Number of protein chains: 2
Amino acid sequence: MQDVLIRKLEGFESLSDQDREALQSLMPKVRKVPARTDLIREGDAPEYVHLVLDGYACRYKMLPDGQRQIMAYLVPGDFCDLNVFILDQMDHNIGTISACQVVDIPRHAIDDITARYPHVTRALWWCALVDEAVLREWLVNIGGRPADHRIAHLFCELLLRLEAVGRVSGNSFDFPFTQPDIADTMGLSNVHVNRTIRELRALGLITLRQRTLTILDVERLKAYCNYNPNYLHLRNTRWGARRIIPWLSSGHGG
Amino acid sequence: MQDVLIRKLEGFESLSDQDREALQSLMPKVRKVPARTDLIREGDAPEYVHLVLDGYACRYKMLPDGQRQIMAYLVPGDFCDLNVFILDQMDHNIGTISACQVVDIPRHAIDDITARYPHVTRALWWCALVDEAVLREWLVNIGGRPADHRIAHLFCELLLRLEAVGRVSGNSFDFPFTQPDIADTMGLSNVHVNRTIRELRALGLITLRQRTLTILDVERLKAYCNYNPNYLHLRNTRWGARRIIPWLSSGHGG
DNA sequence: CGAGAGCTTGAGGTTTATCAAGTAGAGTGG
DNA sequence: CCACTCTACTTGATAAACCTCAAGCTCTCG
C-alpha cells in the first residue's frame, strides 16, 4: 500500500533505492479514517502533512449559505497539504469521501528528507506543481465547458491519475463519490448531474454502478470533451507522450 | 517602482535591510512589455521567472473551440511563474493586459537568494501559497456563486491585493480589463457581464469608467458577495485582523 | 479621420436550477 | 436478521439564470 507514492513519483522521476527507502521512512504508521470525516478544517493551524495511501478524500470550502464547493479530489498517493505549512491557518477543509488509510507526516520529516535527497525533493516539488496545474484545469473546466463535457473531463482525469498509481483495471476504478459530491465539485445541481450522467450512459461512454466507474471507450470519451492531459505532466506513463497542442496557434498579440 | 515586491512581502514577514538589498539585486534590469502581449506560451519551456512591477497581466488557457479562460490576474508585485521551473513545459499562457514593466529573473538567481536569505525564502514561499489560495477561491467563486456575486467578489479581491502594494487611492484603482476579459475570467458571456456591471452601478456599489474602478462603499460591496479575505493570508495590513469564519460550524462528519 | 474593438441594449432561445415526489440503497438499532 | 431511517438516485414540471444573435453607439488607436 505504501508504494502508491513511490509509484506516482516514478511517473515523473527515476528514484534510487536510497530515495525509495527515504520515502518509506516518511510513513511509519498508517492511520485509518472513516468515510465522510474531516482530516483538517478551515481555521486550523496546519501541523502535519497528510498523505492518502488508500481511499478518496477532497478539498472543499463551505459558503455562508451552506453550499459546499469541492476544489480537489485526493486519491491514493496524493498529499493533502504539502505546501500549506507556511500559512498560519487553513483556508479550506479536507475531508474523506470513502474510508481512507492516511499517514500524518511531521514537518521536520519533510525538511530532513528534502535536505538530503535532491531527487526526492524534485519529485515532491513536482507533486505540488501538478496539484496546482490540476486546480487550474478545474477552473477551466468549470468556467469554460458545459455540464456534459465537464463531467466527462473529470472522468478522464481520474482515469489517468488512478492509472498512474495502479488503481485502474480494465478501464474500471473505484468511484465512491455520490451525485451530490459531483454536483458540489462541478458547480451544478444534483438533478442536473443525474441527467448528465444518464446522457453519458446512453451514449455508451461509461457505466457507473455500485461505486465502480467503467470507461467503455476511452478514446471516444476523451474526444467527447476534448481532453488534453498535458496539465498532468505525466512522463513515464502510456499517456506521457501526448505533447502537441494542435489548435494552439494564436494567443493574443505577441 | 521596484519596491512593490518588497512592500508586498512585508505584508507577510518583516524583512531586514539585507533582505531588501538581496531582493533588489533580483531586478537589475526592467523590461517594458506592450499591452496584449504574451510573456510565455503553452508548450514553452520555462526559463526565467517573470515578475510584474507595473501594469496588469493574466494567466490563461485557450480551448480548442477558441474560447479563452483566464485563471489569474497578475498585478504589480506578482510572480508569473515562480513555481513552474520544474515542469518541462508550460501548460498555459501568460499575457499582458495593459503595458507592463517586467523583470526576467534567471533561475539561478532565485536559487542563490533562497540559499542565503531564509526570511526571503519564506516570503517567496508565502507568495506561491497565496497564489494557489487565490486560485482555489476563484474556483469557489465560479463554481458556487451567481454572476453578480462573482464580479463583486473579483472587485473586492482586487481592492485588497492592490492596496497591499499601494496601488489604491480613495478606493479607486486602475482597471484595464475589458468586459470581454471579465467574461473570460468569470465564465460568463460579455453581454451578461455588461448587464451585471450595470446592476452593480445601479446599486451604487461601484463606478467604472475610463479604466478606473471605484468602490463606492467597500463594506456594502463585501456584504453583497459575502466576501471573506482569509484566503489572501494578509497579516500586516488593515484587513489582516479578519480571522473569524462565523458560519463555519459544521463540515461533514467529524 | 477611419477602422476596429469595446460598450450597451433588446429579443428570443438554451441551459441549468428549483421544487416535488416516488423508488432504491445503505447504514443503524433492536 | 429485520425494521427503520436517512441519504442517494431518478424523473417530471416549472422557473430562473444565462447565452446567442443582432444592432447601434462610443471609444481608442493608428
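Chain letters run A, B, ... following the sequence lines, proteins first, then strands; residues in each count from 1. Keep in mind the model is a prediction, meaning the values are calculated, not measured.
- Residues satisfying the ring-ring contact (aromatic ring centres under 6.0 Å, His included) criterion with A:Y48, sequence neighbours excluded, are absent altogether.
- Not counting sequence neighbours, the partners of A:R198 by the side-chain contact (heavy atoms from CB on, under 4.5 Å) test are A:R195.
- In this structure, CD1 in A:I182 is found 10.0 Å from OG1 in A:T196, a value given to the nearest 0.5 Å.
- Between B:F177 and B:Y73, the angle of the ring planes stays under 30°, which puts this pair in the parallel group of the 30/60° scheme.
- Near-neighbour residues of DNA chain C inside residues 183-202 of chain B, defined by a heavy atom below 4.0 Å, number-ordered: B:V191, B:N194, B:R195, B:R198, B:R201.
- Going from atom CZ of A:F175 over to atom C1' of D:dC9 covers 14 Å, rounded to whole Å.
- One finds the CG atom of A:L154 at 7.0 Å from the OG1 atom of A:T185 (value rounded to the nearest 0.5 Å).
- Remark: A:R136 engages B:D91, B:H92 in a side chain to side chain donor-acceptor pair (under 3.5 Å) (not counting sequence neighbours).
- Checked against ring-ring contact (aromatic ring centres under 6.0 Å, His included), B:H149 has the following partners two or more places apart in sequence or in another chain: B:Y224.
- Of all nucleotides in DNA chain C having an atom under 4.0 Å from a heavy atom of chain A, the first and last in 5' to 3' order are C:dT16 to C:dC19.
- Closest-nucleotide positions on DNA chain C for B:T178 and A:R145 were compared, and the one nearer the 5' end corresponds to B:T178.
- B:D184 pairs by the side-chain contact (heavy atoms from CB on, under 4.5 Å) definition with B:R68, B:I70, not counting sequence neighbours.
- Qualifying side-chain contact (heavy atoms from CB on, under 4.5 Å) partners for A:N194, counting only residues two or more places apart in sequence or in other chains: A:Q179.
- Rotation axes derived from the C1' atoms of the five outermost pairs at either end of the helix from C:dC1-D:dG30 to C:dG30-D:dC1 lie 60° apart, to the nearest 10°.
- In this structure, CD1 in A:I40 is found 9.0 Å from CG in A:N93, a value given to the nearest 0.5 Å.
- Checking B:E157 against B:N141 by side-chain atom types alone, no donor-acceptor pair falls below 3.5 Å.
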Grab the N/O contacts between the protein and nucleotides 23-30 of chain D below 3.5 Å, and write none if there aren't any.
none

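- Regarding A:L208, its CG atom lies at a distance of 12 Å from the C1' atom of D:dA8, rounded to whole Å.
- For B:P176, the side-chain contact (heavy atoms from CB on, under 4.5 Å) partners are B:Y56, B:I97, B:S98, B:D174, B:R211, not counting sequence neighbours.
- Under the rule for a side chain to side chain donor-acceptor pair (under 3.5 Å), the partners of A:E137 that lie at least two apart in sequence or sit in another chain are A:R145, A:H153, B:K61.
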